[in-house]
Amino acid sequence: MIHFYNTINRKLEIFTPLEDKKVKLYTCGPTVYNFAHIGNLRAYMFEDLLRRFLEFSGYDVHHVMNITDIDDKTIRRSMESGETLEIFTEKYTQAFFNDLDTLNIRRAHNYPRATEFITQMIDTIKVLIDKGFAYSSDDGSVFFKVSKFLAYGKLANINPDDMRVGSRVENDEYEKEEVRDFALWKGKKDGEGDIHWDSPWGRGRPGWHIECSVMSTHYLGSHFDIHCGGVDNIFPHHENEIAQSCAATGDAFVNYWLHNEHLLVDGQKMSKSENNFYTLRDLLDKGMSPEAIRYTLLITHYRQKLNFTFDKIKASQKAINRLRELNRRLNNISLESGEDISKMTNLMLQNFNDRLADDLNISGALGEVFIWVNKLFALIDKQKLSAESAQSGIKAFKKIDEILGVIELIDEPLSEDIDQLIVDRKQARADKNWALADEIRDKLDGLNIILEDTPQGTIWKKKT
RNA sequence: GGCGUCGUGGCCAAGCGGUAAGGCAGCGGUCUGCAAAACCGCCAUGCACCAGUUCGAAUCUGGUCGACGCCUCCA
């Protein structure tokens with residue numbers, strides 16, 4: 001039985017999809033005006049864990065993620081760069097996809113761009129006006145009338161009457177009846193170039209919240225299972241989505257709201273406005289491996305703040321190396337008899353699954369894996385693991401890696417030069433010419449190749 | 001001001017009323033020509049603090065201190 005913490009009810013709930021064995025999942029995607037930083041990527045990592053666990057559990061998941069290519073930032077930045085909105089945002093959209101691939105994040109089934117859904121957004125806004133949930137203003141904008149939607153504030157647990165005027169509201173240049181009302185459509189303003197579309201209210205562009213309401217409903221229907229995003233989206237974004245969607249369709253919209261906590265740097269939220277962020281490329285350029293970054297973002301529970309440090313990346317790499325070392329050894333066992341490990345392997349897999357079923361407790365799940373890993377290493381060391389058992393261990397590893405996605409390793413073929421050096425060293429060792437043997441080992445070390453002398457011969461690994 | 005989240009060993013982290021998983025680092029040993037990897041052993045009488053409930057509390061309740069987030073377009 002799977003449990004998730006549902007933000008809207010503030011408690012753990014049993015997960016029951018609307019349709020048996022099928023899950024309709026919508027996750028808030030990037031605004032493509034810049035490269036994603038690893039705080040942004042943590043959200044997508046969490047969603048990848050959720051997606052992988054649902055699939056691991058036998059669900060057929062339909063995953064949709066939006067690409068926000070029209071908002072204040074994409075407009076401003078594209079104009080500054082002198083590129084059209086389309087060319088500008090496409091560049092960062094592709095960079096985003098590259099990041100996903102680098103981190104071994106499973107691709108969503110649909111990536112709708114906001115600019116592809118302008119017509120549908122206008123249609124929905126018309127419905128909201130017809131039903132009395134929205135009104136247009138003199139400057140050609142349309143606002144959602146929060147006072148008309150009685151359930152407003154349920155997700156964020158706020159009383160709309162208490163909403164105070166913050167600094168951001170004062171900056172709002174649009175004409176609305178009440179401060180808490182939010183824009184569905186923004187009338188054309190100076191300084192936005194030719195980035196606007198025709199609408200019944202004149203030229204303009206959509207507000208931010210409406211795109212998610214329209215695009216999620218387009219692909220998943222007016223009532224679907226899970227909607228994810230960072231905690232900062234709870235209010236106002238998701239609260240507004242609920243208001244728009246429920247008001248427009250009269251349906252329930254979303255059953256489970258899952259939100260991930262932030263990634264911190266030096267104890268502070270990583271954000272572009274604070275300029276304290278790292279992009280994935282920054283970390284790769286510092287020599288960190290994609291799998292170590294993936295592991296680091298993955299292993300802290302998604303509702304826990306994650307303080308990012310380079311030490312964590314190093315510790316992650318070491319942990320992955322240990323998993324991979326066991327996997328490698330299992331692949332090289334030829335003993336005919338040994339202890340039966342099926343019981344402890346099944347127990348590990350069961351515990352692994354149970355931990356994840358408990359609101360994606362990945363740290364607990366990893367703990368179960370390492371208990372098993374330690375036992376297997378001990379058996380291998382005592383020559384008590386048969387080839388048959390090793391094969392079942394490898395199978396279990398594959399199962400685990402459906403979630404972790406960090407063990408599979410593509411070994412690059414050795415160049416013949418390196419191959420020859422290893423042969424030369426073997427001869428030097430046979431001749432007890434330790435000086436030459438060490439010289440060769442140091443030379444390979446410089447080429448990022450580490451040698452290990454085992455009873456079965458010398459093996460090499462890439463340095464990590 | 002309102003609404004929340006969190007404080008567990010040197011670092012990270014599980015734990016959800018029954019006596020502190022796991023990872024990283026460190027220390028001692030085995031193996032090795034020396035290493036590396038792996039193995040064996042050691043590493044929190046205590047979970048921010050103070051009260052309380054209970055046979056029993058890291059876990060529940062109240063309070064104190066500290067950190068962080070959201071409060072109109074940030075993942």
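Note on naming: letters A, B, ... go to the chains in the order of the sequence lines (proteins, then strands), and numbering restarts at 1 for each one.
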Pairs under 3.5 angstrom, nitrogen or oxygen only, protein versus nucleotides 4-8 of chain B, please.
residue	atom	partner	partner atom	Å
G4(B)	OP1	Asn157(A)	ND2	2.8
U5(B)	O2	Lys305(A)	NZ	3.3

If you round to the nearest 0.5 Å, how far is NZ of Lys189(A) from CD1 of Ile195(A)? 13.0 Å

Is the cationic atom of Lys272(A) (NZ for Lys, CZ for Arg) positioned less than 6.0 Å from the six-membered ring centroid of Tyr33(A) and within 45 degrees of its normal? yes

Mind checking His301(A) for me? I need base, sugar-phosphate or nothing, with any heavy atom below 4.0 Å counting as a touch. sugar-phosphate

Which stems does RNA chain B form, counting runs of 3 or more consecutive Watson-Crick or G-U wobble pairs with both distances under 3.5 Å? B:1-7 with B:65-71, B:10-12 with B:22-24, B:26-30 with B:38-42, B:48-52 with B:60-64

On a whole-Å scale, what distance lies between the C1' atoms belonging to G66(B) and U8(B)? 16 Å

Counting side-chain heavy atoms from CB outward, which of C24(B), C39(B), C34(B) is closest to Arg441(A)? C34(B)

Would you check if Phe370(A) stacks with the base of G22(B), given a 5.5 Å centroid limit and a 30° plane limit, both strict? no

Could you pull out the protein-nucleic contacts involving nucleotides 27-32 of chain B (nitrogen or oxygen on both sides, under 3.5 Å)?
none

Please classify the nucleic acid contact of Gly229(A) as base, sugar-phosphate, or nothing, using heavy-atom distances under 4.0 Å. sugar-phosphate

Regarding the side chain of Asn374(A), the nearest nucleotide among C71(B), A75(B), G23(B) is G23(B)

Suppose we screen for side chain to side chain contact (heavy atoms under 4.5 Å, CB included). Which residues come up paired with Thr458(A), at least two apart in sequence or across chains? Arg425(A), Arg429(A), Leu451(A), Asp453(A)

Among residues at least two apart in sequence or on other chains, which ones pass ring pair (Phe, Tyr, Trp, His ring centres under 6.0 Å) with Phe46(A)? Tyr302(A)

Tell me which nucleotide among C12(B), C74(B), A37(B) gets nearest to the side chain of Lys312(A). C12(B)

In terms of the angle between their ring planes, are Trp257(A) and His259(A) parallel, tilted or perpendicular, with boundaries placed at 30° and 60°? parallel

Just to be sure I understand the rule, does Arg76(A) reach a base, reach only the sugar-phosphate, or reach nothing, if contact means heavy atoms closer than 4.0 Å? nothing

Under the ring pair (Phe, Tyr, Trp, His ring centres under 6.0 Å) rule, collect the residues that match up with Tyr278(A), sequence neighbours excluded. Phe308(A), Phe310(A)

In whole Å, what is the span from the NE2 atom of His237(A) to the C1' atom of C71(B)? 17 Å

